[in-house]
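Since this is a predicted model, take the numbers as computed values, not measurements. Lettering of chains follows the sequences in order, A, B, ..., and the numbering in each one begins at 1.
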Amino acid sequence: MTQPIRVLLAKVGLDGHDRGVKVVARTLRDAGMDVIYSGLHRTPEEVVTAAIQEDVDVLGVSLLSGVQLTVFPKIFQLLASKGADDMIVVAGGVMPDEDVVEIKRMGVREVLLQDTPPDEIVQTLTRLVAERGER
Amino acid sequence: MSRYVPSSELVERAARGEVPAIGRLISRAEAGMPEARGALATIYRRAGRAHVIGLTGVPGSGKSTLVAALTARLRTQGLKVGIVAVDPSSPYSGGAILGDRIRMSDLVNDPGVYIRSMATRGAMGGLARATLDAVDILDLGGFDTIIIETVGVGQDEVEIAKASHTTVVVSAPGLGDEIQAIKAGMLEIADIHVVSKCDRSDANRTLVDIKQMLTLGAATSAKPEWQTPVVGVSSYTGEGFDALTRAIDRHRDVAFGTASGSRRQLAIARFRLEKTAENLLIERFAKAAVTRAPALAERLRRRDADPYSLANELLAASFERGSAHERDHHRPPHFAEDHW
Ligand code: B12
Ligand SMILES: Nc1nc2c(ncn2[C@@H]2O[C@H](COP(=O)(O)OP(=O)(O)OP(=O)(O)O)[C@@H](O)[C@H]2O)c(=O)[nH]1
Ligand SMILES: [Mg+2]
């Protein structure tokens, strides 16, 4: 039996759209993963602290409010300063293509936007964790 | 951590209170990594300072909300608090949505609090296999009080009483818990009874019911040095938390300073020993079963032999050194050895 992948799903800022993130939570649970949900309206500090305490494999941020270009620099800066630079960060939600390019440049490994099929989300996370290897 | 850090090094970092190291060690304990075995042994021997509080109660009784409110109180006393919150894994997928933490969100900015969510992964009894390893790691990491929230137990899943110095049983009003408590054998295991949600008008009835049952039953006779209190609290209004923290303080003194406390500590050690042995047995057995059971089952089907003889053969195979697993080429290296 292999170890279940641990994921923290996070909502940051004033974004109140939680339908998608809840769908993702169930999808990952049904794929055998351990899922922790941050709840709405967290700060980047709170999300990074929770991700480190929980030692998740993947920090997944769901954003439908358009603040991705301010949120991700903070998240990566916090992860680095707290000694957790091996954490896999992915994003989902709604955002323009040019922002997807930009946040990937910052270090977001994959961005899975609206209408991504559940299987693809599961496969993406499984692949990223497998590529990272033992830790 | 950008590269693989050996567990022995993580132990030293965890002992300095470094949160990433504490988190990673707990993950390795959960994974049962052989590489971490020596480190966990070291940790166990260095730990033993913290006061371990077990919190249990039926699903939805308000445990997580109460842990958050209680922790905020303990923080005002200057105590560092570690929390291990256990939630059930889905029996279908093996995955889990670990929902306790969301009720404790207010604590996340306090560096004196560490919260870890843990899935049962099929373990019975209300705890996960690595829960007590996590407690030791937090103990080493300098947390003074460690609170374990069990899964919402409905039946007699009362392992928590054998794993904590102080067991708090939570009952909510209006759940018909006066009956449930008896069924679950939870009256007996409580060192402190809490009736939660006392902002509700039906709470008083539950308080009275539980007090009555305690005086009726022989529940307290096994604990001569301790009179089990019943405390009503509301995690919303803060009502009752002075009384609850006082009860916890008094019970900590009993747990660490009396003969019955010493007996309890011995019982905790014994449970840990037997549980660890049980897990080892199950693992060895499961490995032997993978390779040996098909052939044995075939003999059983042909009625070549009887179930007891073949079962004994299977058990014996579990103890052949390096039997089952050395033939198993499909597993990653760290699963190819037996681990605890
Ligand atoms: C439903 C909805 C609402 C509902 C939300 C209900 C709820 N509890 O979630 C309500 C009516 C409350 C609402 C309100 C608002 N909304 Co609205 N809303 C939508 C709408 C129509 C659908 C969103 C949705 O639920 N989709 C279904 C789910 C399943 O999809 P999803 O969230 O995209 O998730 C999928 C993927 O993105 C991915 N995913 C999502 N998260 C994650 C995370 C990870 C880690 C991974 C791997 C994958 C992943 O997986 C999911 C499954 O495939 C969108 C339009 C749209 N087309 O997206 C607008 C939209 C998001 N809303 C918008 C706006 C502007 C608002 C309001 C500000 C409107 C207003 N002026 O009041 C408010 C803000 C509320 C708030 N506090 O945040 C804009 C956002 C614009 C932007 N980002 O620049 C949108 C895009 C509409 C538009 N075209 O203008 N909204
Ligand atoms: N009125 C009232 N409701 C409360 C109180 N504490 C918790 N609740 C509510 O009770 C419900 C369950 O609370 P939780 O803290 O999640 O209960 P739990 O026992 O941890 O639940 P599980 O972990 O799922 O078994 C939630 O809806 C809470 O808001 C309280 O003091 N008063
Ligand atoms: Mg809970």
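Formation of a donor-acceptor pair under 3.5 Å by the B:Tyr92 side chain with backbone atoms of A:Asp30 is not found in this model.
Of the atoms belonging to B:Val113, it is backbone heavy atoms, and not side-chain ones, that fall under 4.5 Å from chain A. When heavy atoms are compared at a cutoff of 4.5 Å, A:Arg42 approaches chain B solely by way of its side chain, counted from C-beta outward. The contact between B:Arg101 and chain A is made entirely by side chain atoms (from C-beta outward), counting heavy-atom distances below 4.5 Å. Interface residue B:Ser90: only side-chain heavy atoms are found under 4.5 Å from chain A.
Residue with the most contacts toward chain A among B:Ala119, B:Ala96, B:Ser89, B:Gly23: B:Ala96 (heavy-atom pairs, distance under 4.5 Å). The candidate with the highest count of non-hydrogen atom pairs below 4.5 Å against chain A, out of B:Leu98, B:Asp100, B:Ile26, is B:Leu98. Highest contact tally toward chain B, considering only A:Ala50, A:Ala31, A:Ala25, A:Gly133, is held by A:Ala50 [criterion: heavy-atom pairs under 4.5 Å]. Of the listed residues A:Glu45, A:Arg6, A:Gln53, A:Met33, the one with more heavy-atom pairs under 4.5 angstrom with chain B than any other is A:Gln53. Chosen from B:Ser27, B:Ser117, B:Gly99, B:Gly94, the residue pairing most often with chain A at heavy-atom distances under 4.5 Å is B:Ser117.
Annotation: the span from B:Ile115 atom CD1 to A:Glu54 atom CD amounts to 7.5 Å, rounded to 0.5 Å. The distance from the CD atom of B:Glu18 to the CD1 atom of A:Ile52 is 11.5 Å, given to the nearest 0.5 Å. For the atom pair CD1 (B:Ile97) and OH (A:Tyr37), the distance works out to 11.0 Å, reported to the nearest 0.5 Å. Between the OG1 atom of A:Thr49 and the CG atom of B:Leu107 there is a distance of 12.0 Å, given to the nearest 0.5 Å.
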Tell me, with the steps shown, if B:Arg24 and A:Asp86 meet side-chain contact (heavy atoms from CB on, under 4.5 Å).
CA-CA 12 Å; B:Arg24 187 59 47 86; A:Asp86 62 348; 3.2 Å; yes
side-chain contact (heavy atoms from CB on, under 4.5 Å), that's the test. Do A:Asp34 and B:Arg121 meet it? Break it down for me.
CA-CA 10 Å; A:Asp34 284 352; B:Arg121 301 196 185 152; 2.7 Å; yes
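No donor-acceptor contact under 3.5 angstrom links the side chains of A:Glu46 and B:Ser105, judged on distance only.
The minimum heavy-atom distance between B:Tyr4 and A:Glu134, with the atom names listed, is CE1-CG, 3.9 Å.
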